[in-house]
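What follows is a single structure, written as structure tokens, with notes after it.
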Amino acid sequence: MSTLTPVVEGAYVYDTKLSNQGRNLNRMCFSLKDAENREKFQADEAAYCAAYNLTEEQQQAVLDRDWISMIEKGGASIFYIIKLAAIDHKSMQDLGGIFTGMTTEEFVAELRAGGRKFG
């Protein structure tokens, strides 16, 4: 089956297939915008995940805070998982460092220097 999704070596491409796969995970993460839901999540993370019908793999990634698995295997969008990351006091720069194999400080330095160069 052909796809319109570009293949970019070394880059993660969020496409329709992953979007569909991550629907419940993204819905759960988006729900964390509300303080009441954050409290429920923090009281019993596994039960909160179950209420959104996450797959076992998605739930484990959330419980382990395996950000890369949430995206690559769970179909999560960075724009939703940042709401989960905020519960752990993680910033977008913290996640950027994780996704690129850098420390937060290294990632921020790369941004300030104009970003990584490709090709």
Side-chain angles (χ1 to χ4, degrees):
M1 178 174 154
S2 69
T3 178
L4 297 176
T5 303
V7 176
V8 180
E9 189 174 330
Y12 170 78
V13 179
Y14 187 75
D15 61 7
T16 304
K17 179 182 175 189
L18 285 173
S19 175
N20 289 332
Q21 178 183 329
R23 182 177 214 83
N24 291 340
L25 176 55
N26 288 323
R27 283 181 55 240
M28 186 210 73
C29 289
F30 184 69
S31 75
L32 299 173
K33 68 182 175 42
D34 297 322
E36 181 180 325
N37 289 338
R38 290 191 298 272
E39 290 174 14
K40 289 178 184 176
F41 175 80
Q42 289 173 306
D44 189 343
E45 293 184 6
Y48 199 85
C49 290
Y52 279 86
N53 298 314
L54 300 191
T55 66
E56 189 174 312
E57 185 173 50
Q58 288 170 328
Q59 179 173 324
Q60 197 60 54
V62 169
L63 298 177
D64 293 344
R65 299 305 196 269
D66 184 345
W67 307 106
I68 294 173
S69 287
M70 280 185 238
I71 288 183
E72 291 182 351
K73 297 176 186 170
S77 164
I78 185 64
F79 299 106
Y80 293 113
I81 65 169
I82 191 64
K83 296 185 181 332
L84 174 60
I87 289 175
D88 295 339
H89 306 286
K90 294 210 176 294
S91 69
M92 189 65 84
Q93 291 78 18
D94 292 321
L95 294 181
I98 291 167
F99 296 140
T100 58
M102 299 181 203
T103 67
T104 301
E105 295 75 18
E106 291 168 336
F107 184 76
V108 169
E110 287 283 338
L111 291 175
R112 288 190 175 139
R116 297 187 298 165
K117 308 295 185 242
F118 295 96

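Since we're looking at a predicted model, the values are computed, not measured.
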Closest contact, heavy atoms only, A76 versus N26: CA-OD1, 3.3 Å
Quick one: does Q58's side chain have a donor or acceptor within less than 3.5 Å of a partner on Q21's backbone? yes
Would you say L111 and M102 are hydrophobically clustered, going by side-chain heavy atoms of ILVMFWY under 4.5 Å? yes
Distance-minimising heavy-atom pair for N37 and L32: O-CD2, 4.0 Å
Locate the shortest heavy-atom distance separating V62 from C49; write the atom from each residue and the value. CG1-SG, 3.8 Å
Working to the nearest 0.5 angstrom, can you tell me the gap between T104 OG1 and D94 CG? 3.5 Å
I98 side, atom CD1; T103 side, atom OG1 - distance, nearest 0.5 Å: 11.0 Å
Does F30 have K33 sitting over its ring (NZ/CZ under 6.0 Å from centre, angle to axis within 45°)? yes
Nearest non-hydrogen partners of Q59 and A46, listed with the distance: NE2-CB, 3.5 Å
Please answer: with hydrophobic residues joined when any side-chain heavy atoms are less than 4.5 Å apart, are L54 and I71 in the same cluster? yes
Could you state the interatomic distance from CG (L25) to CE (M70), rounded to the nearest 0.5 Å? 7.0 Å
Would you give the length of the straight line joining atom SG of C29 to atom OH of Y52, rounded to the nearest 0.5 angstrom? 10.0 Å
What's the shortest heavy-atom distance between A85 and L95, and which atoms? CB-CD1, 3.9 Å
Within the structure provided, determine whether L84 and R65 are in side-chain contact (heavy-atom separation under 4.5 Å). yes
Got F99 and I68 here, is their nearest side-chain heavy-atom distance under 4.5 Å? yes
F107, CZ atom: more than 12 neighbouring heavy atoms under 6.0 Å: yes
Could you walk me through whether D66 and K73 satisfy the side chain to side chain contact (heavy atoms under 4.5 Å, CB included) test, starting with their C-alpha distance in whole Å, then the side-chain angles of each, then the deciding distance to 0.1 Å, before giving a yes or no? CA-CA 10 Å; D66 184 345; K73 297 176 186 170; over 6 Å; no
Is the shortest heavy-atom distance from the side chain of T100 to the side chain of E106 under 4.5 Å? no
Shared hydrophobic cluster, I82 / I87 (ILVMFWY, side-chain heavy atoms < 4.5 Å): yes
Between E57 and T55, do the side chains contain an N or O donor and an N or O acceptor separated by less than 3.5 Å? no
Using a 4.5 Å cut-off on heavy atoms from C-beta on, say whether the side chain of W67 contacts that of D88. yes
What is the minimum heavy-atom distance between Y48 and S31, and which atoms define it? OH-OG, 2.6 Å
Going from CD1 on I81 to NZ on K90, what distance comes out if it is rounded to the nearest 0.5 angstrom? 11.5 Å
Which value, rounded to the nearest 0.5 Å, describes the distance between E110 atom CD and Q93 atom CD? 13.5 Å
